[in-house]
Engineer: 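Structure in structure tokens, see below.
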Amino acid sequence: MKEPPKKPNYRVTKNDESLQAASRPREEGTYAVRARRREGEKNILGLPFIPRAVYTALILLVLCFVAVLVLMNAQGLSPENFFEWAQGKVLGIAPGSGYPLSTDGVQTGPHNFQLMDNEPVLLTDTTLSMYTRAGACISGRRHGFGTPALKVEGSRALLYDIGGTGCRVETRGAIESEQTMTQPIFTGALSRSGVYAVATAGDGFASVISVFSRAHEEMYTRSVQDYYISAMALRNDGALLAAGGVWSDEGQMGSTLLLLGFTDQTPVAKFDFSGTIILAVSFLDGGEIAVVGDRAAYLISSDYKTMATYEYSGRTLQGYSFSPSAGLALSATGDGGTTSHLAVLGRTGQVVLEKDVNRVCTDLYFTGNELYFLSQNLLIRRDLKRGTEKELFCPATAHSVLVSGTDAYLLGASELYKISAG
């Protein structure tokens with residue numbers, strides 16, 4: 001009787017991992033074997049292998065994060081500005097070292113310190129710097145302009161050189177466009193829709209207004225014979241321009257405000273201001289127009305037929321702040337600058353607040369419901385509904401203020417501060 005054949009006696013060596021895997025109990029399964037083989041190994045980048053479950057969890061977290069951001073910003077989010085919005089969000093979450101921060105360059109005026117998407121932007125003689133709430137400077141671009149000026153709307157900034165010929169549009173992530181005008185620039189304007197305008201000197205005219213589309217193509221030009229354009233504003237949709245020009249007639253100075261659509265050369269409306277120089281113009285959310293002059297302020301109705309006037313009564317204007325949702329706030333002095341007169345005007349021109357304070361107001365910011373005014377080492381918050389005030393201590397060197405939610409940003413001689421505005 002023959003003996004049954006004997007099974008081969010294979011010797012499994014310590015280094016033969018494939019035979020070791022084959023000799024293990026089958027119930028371990030393929031994934032257990034693969035996991036065991038990768039234990040201690042590294043991938044081509046020299047990093048440990050990450051389990052598939054961890055990759056899946058990370059992808060789900062990223063998708064949830066993007067979904068939440070989209071839902072929070074769904075209103076007004078269109079395909080053409082999605083990339084810009086996403087870029088701003090990503091840059092905005094950059095870690096920061098906190099406040100205070102040192103600023104770069106020499107400061108060039110309070111209106112070159114503004115908010116872009118509720119975070120501070122500062123234009124100095126050398127640099128346009130953009131900051132986050134966390135105290136990170138996410139952009140610091142040099143400009144090379146002699147007298148730089150800044151307009152900010154939404155997530156865009158218009159930077160132009162007064163008396164020079166250069167201008168450019170920027171976002172947090174990039175310089176979108178650069179233009180070189182043929183004549184010296186007087187002023188500029190920017191809308192939330194991305195349309196922007198630049199007023200320059202004219203060849204044979206007092207001024208020339210050039211309007212550019214969001215795609216940075218010239219869409220409208222108007223030569224102005226009798227006015228030197230000193231201030232401009234664009235409505236949010238970019239379809240209407242308010243341009244204030246200065247004129248002189250037999251030694252008397254005055255201003256004219258032109259409302260221009262872009263379908264023809266005929267003004268939609270025209271307002272004359274005798275004895276007043278227009279300093280600033282702004283469209284409000286309801287279509288009204290707020291005008292700040294050196295001797296009076298004006299609120300023009302949304303149908304552009306009526307106008308309310310607020311006289312300074314011989315006082316010298318110190319500062320102003322527009323609130324698109326509520327109107328205009330002003331500070332003026334009548335005694336050489338030792339006291340201040342505060343006034344808040346509603347969208348129809350009604351006086352919401354008038355108050356004399358026994359301190360110098362160096363700057364103010366109007367949120368709509370609250371008025372903040374800066375004086376020495378105090379930031380004073382006035383609740384316009386309750387009529388109450390609260391004093392907030394701040395650095396003595398602070399001379400300009402911006403308020404975003406519960407944060408107040410204060411600009412000092414060479415530093416940027418943040419304090420609680422609550």
Side-chain angles (χ1 to χ4, degrees), residues 83-164 166-179 185 187-190 192 194 196 198 319 321 362-363 365 372 374 379 394-395 397-421:
F83 176 76
E84 174 188 312
W85 163 82
Q87 188 179 55
K89 287 295 181 183
V90 171
L91 290 172
I93 61 176
S97 58
Y99 290 89
L101 296 171
S102 296
T103 58
D104 185 15
V106 178
Q107 295 164 23
T108 53
H111 299 293
N112 286 340
F113 180 48
Q114 299 189 39
L115 292 175
M116 174 186 282
D117 282 341
N118 299 316
E119 294 179 313
V121 175
L122 174 63
L123 176 65
T124 67
D125 65 332
T126 60
T127 309
L128 177 63
S129 300
M130 303 178 184
Y131 303 91
T132 68
R133 291 185 62 186
C137 180
I138 59 175
S139 176
R141 302 187 191 104
R142 301 276 174 167
H143 53 71
F145 293 164
T147 308
L150 179 68
K151 296 290 177 70
V152 177
E153 286 292 342
S155 58
R156 280 182 170 81
L158 173 65
L159 175 62
Y160 55 94
D161 189 8
I162 299 175
C167 66
R168 69 194 199 197
V169 177
E170 299 194 23
T171 64
R172 287 183 178 271
I175 298 175
E176 276 198 353
S177 174
E178 294 186 85
Q179 305 275 1
I185 295 172
T187 188
L190 177 66
R192 282 189 173 269
Y196 58 101
V198 178
S321 177
T362 54
D363 195 24
Y365 192 86
Y372 293 81
L374 191 60
L379 178 63
C394 64
T397 59
H399 56 77
S400 298
V401 59
L402 301 172
V403 179
S404 175
T406 59
D407 298 323
Y409 298 96
L410 302 164
L411 186 60
S414 60
E415 289 186 308
L416 178 59
Y417 304 89
K418 186 179 79 168
I419 65 172
S420 173

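Since we're looking at a predicted model, the values are computed, not measured.
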Engineer: For Asp125, check salt bridge (charged side-chain N to carboxylate O under 4.0 Å, His left out) against everything at least two apart and list the hits.
Structural biologist: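 Checked Asp125 against salt bridge (charged side-chain N to carboxylate O under 4.0 Å, His left out); zero matches.
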
Engineer: Considering non-hydrogen atoms only, spot the tightest contact between Ser400 and Asp363 and give its length.
Structural biologist: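 Looking at all heavy atoms of both residues, the closest pair is CA-OD2, 3.2 Å.
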
Engineer: Output the distance between atom OH (Tyr196) and atom CD (Gln179), rounded to the nearest 0.5 Å.
Structural biologist: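 So the OH of Tyr196 and the CD of Gln179 are separated by 4.0 Å.
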
Engineer: What's the shortest heavy-atom distance between Gly405 and Ala421, and which atoms?
Structural biologist: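 Distance-wise, the nearest heavy atoms are O-CB, 4.4 Å.
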
Engineer: Is there side-chain contact between Arg172 and Ser139, with at least one heavy-atom pair below 4.5 Å?
Structural biologist: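 No - every pair of side-chain heavy atoms lies 4.5 Å or more apart.
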
Engineer: With rounding to the nearest 0.5 Å, note down the distance linking CG in Leu410 to OH in Tyr365.
Structural biologist: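 Reported value, rounded in 0.5 Å steps: 12.5 Å.
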
Engineer: Could you pull out the closest heavy-atom pair between Val152 and Leu115, with the gap in Å?
Structural biologist: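 Reported closest heavy-atom pair: CG1-O, 3.2 Å.
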
Engineer: List the atom of Gly105, the atom of Thr124, and the distance in Å for their closest heavy-atom pair.
Structural biologist: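 It is CA-OG1, 3.8 Å.
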
Engineer: Thr171 versus Ser155: any side-chain heavy-atom pair under 4.5 Å?
Structural biologist: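 No. Closest side-chain heavy atoms not under 4.5 Å.
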
Engineer: Starting at CZ of Arg168, measure out to CZ of Phe145 and round the result to the nearest 0.5 Å.
Structural biologist: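 Taking CZ in Arg168 and CZ in Phe145, the distance rounds to 5.5 Å.
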
Engineer: Which heavy atom of Leu379 sits nearest a heavy atom of Cys394, and at what distance?
Structural biologist: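 Closest heavy-atom pair between Leu379 and Cys394: N-SG, 3.9 Å.
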
Engineer: CD/Glu153 to CG/Leu158 distance, rounded to the nearest 0.5 angstrom?
Structural biologist: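 Here the interatomic distance stands at 10.5 Å.
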
Engineer: How long is the span from the OG1 atom in Thr132 to the CD1 atom in Ile138, to the nearest 0.5 Å?
Structural biologist: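 The distance works out to 6.5 Å.
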
Engineer: Quick check against the 3.5 Å criterion: does Thr362 have a side-chain atom that pairs as donor or acceptor with the backbone of Leu374?
Structural biologist: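 The answer is yes, because a donor-acceptor pair under 3.5 Å joins these two groups.
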
Engineer: With a 4.5 Å cut-off on side-chain heavy atoms, are Glu170 and Leu150 touching?
Structural biologist: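 Result no, sub-4.5 Å side-chain heavy-atom pair not found.
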
Engineer: Find out whether Pro148 and Leu159 are in side-chain contact, i.e. whether some heavy atom of one side chain is under 4.5 Å from a heavy atom of the other.
Structural biologist: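 Contact flag for Pro148/Leu159 side chains = yes.
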
Engineer: I need the Met116 CE to Arg156 CZ distance, nearest 0.5 Å.
Structural biologist: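 Spacing of CE (Met116) from CZ (Arg156) equals 9.5 Å.
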
Engineer: Measure the shortest side-chain to side-chain distance between Leu123 and His143 over non-hydrogen atoms and say whether it is less than 4.5 angstrom.
Structural biologist: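 A side-chain contact under 4.5 Å exists here.
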
Engineer: When you compare the side chain of Ile185 with that of Ile162, does any pair of heavy atoms fall below 4.5 Å?
Structural biologist: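 Counting from C-beta outward, Ile162 and Ile185 never come under 4.5 Å.
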
Engineer: Can you name the residues that form a ring pair (Phe, Tyr, Trp, His ring centres under 6.0 Å) with Tyr99, not counting sequence neighbours?
Structural biologist: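 Partners of Tyr99 by the ring pair (Phe, Tyr, Trp, His ring centres under 6.0 Å) criterion, ordered by chain and then number, come out as Tyr409.
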
Engineer: Looking at side-chain heavy atoms only, is the closest gap between Thr147 and Asp161 below 4.5 Å?
Structural biologist: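 They are in contact (side-chain heavy atoms under 4.5 Å apart), so the answer is yes.
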
Engineer: Do the side chains of Lys151 and Tyr160 get nearer than 4.5 Å, heavy atoms only?
Structural biologist: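 Yes; the side chains approach each other to less than 4.5 Å.
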
Engineer: How close do Gly98 and Leu101 get, counting heavy atoms only, and between which atoms?
Structural biologist: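 Gly98 and Leu101 have their closest heavy atoms at O-CD2, 3.2 Å.
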
Engineer: Tabulate below the donor-acceptor pairs under 3.5 Å that side-chain atoms of residues 411-418 make, not counting sequence neighbours, or state none.
Structural biologist:
from, atom 1, to, atom 2, distance (Å)
Glu415, OE1, Tyr417, OH, 2.8
Lys418, NZ, Arg133, O, 2.8

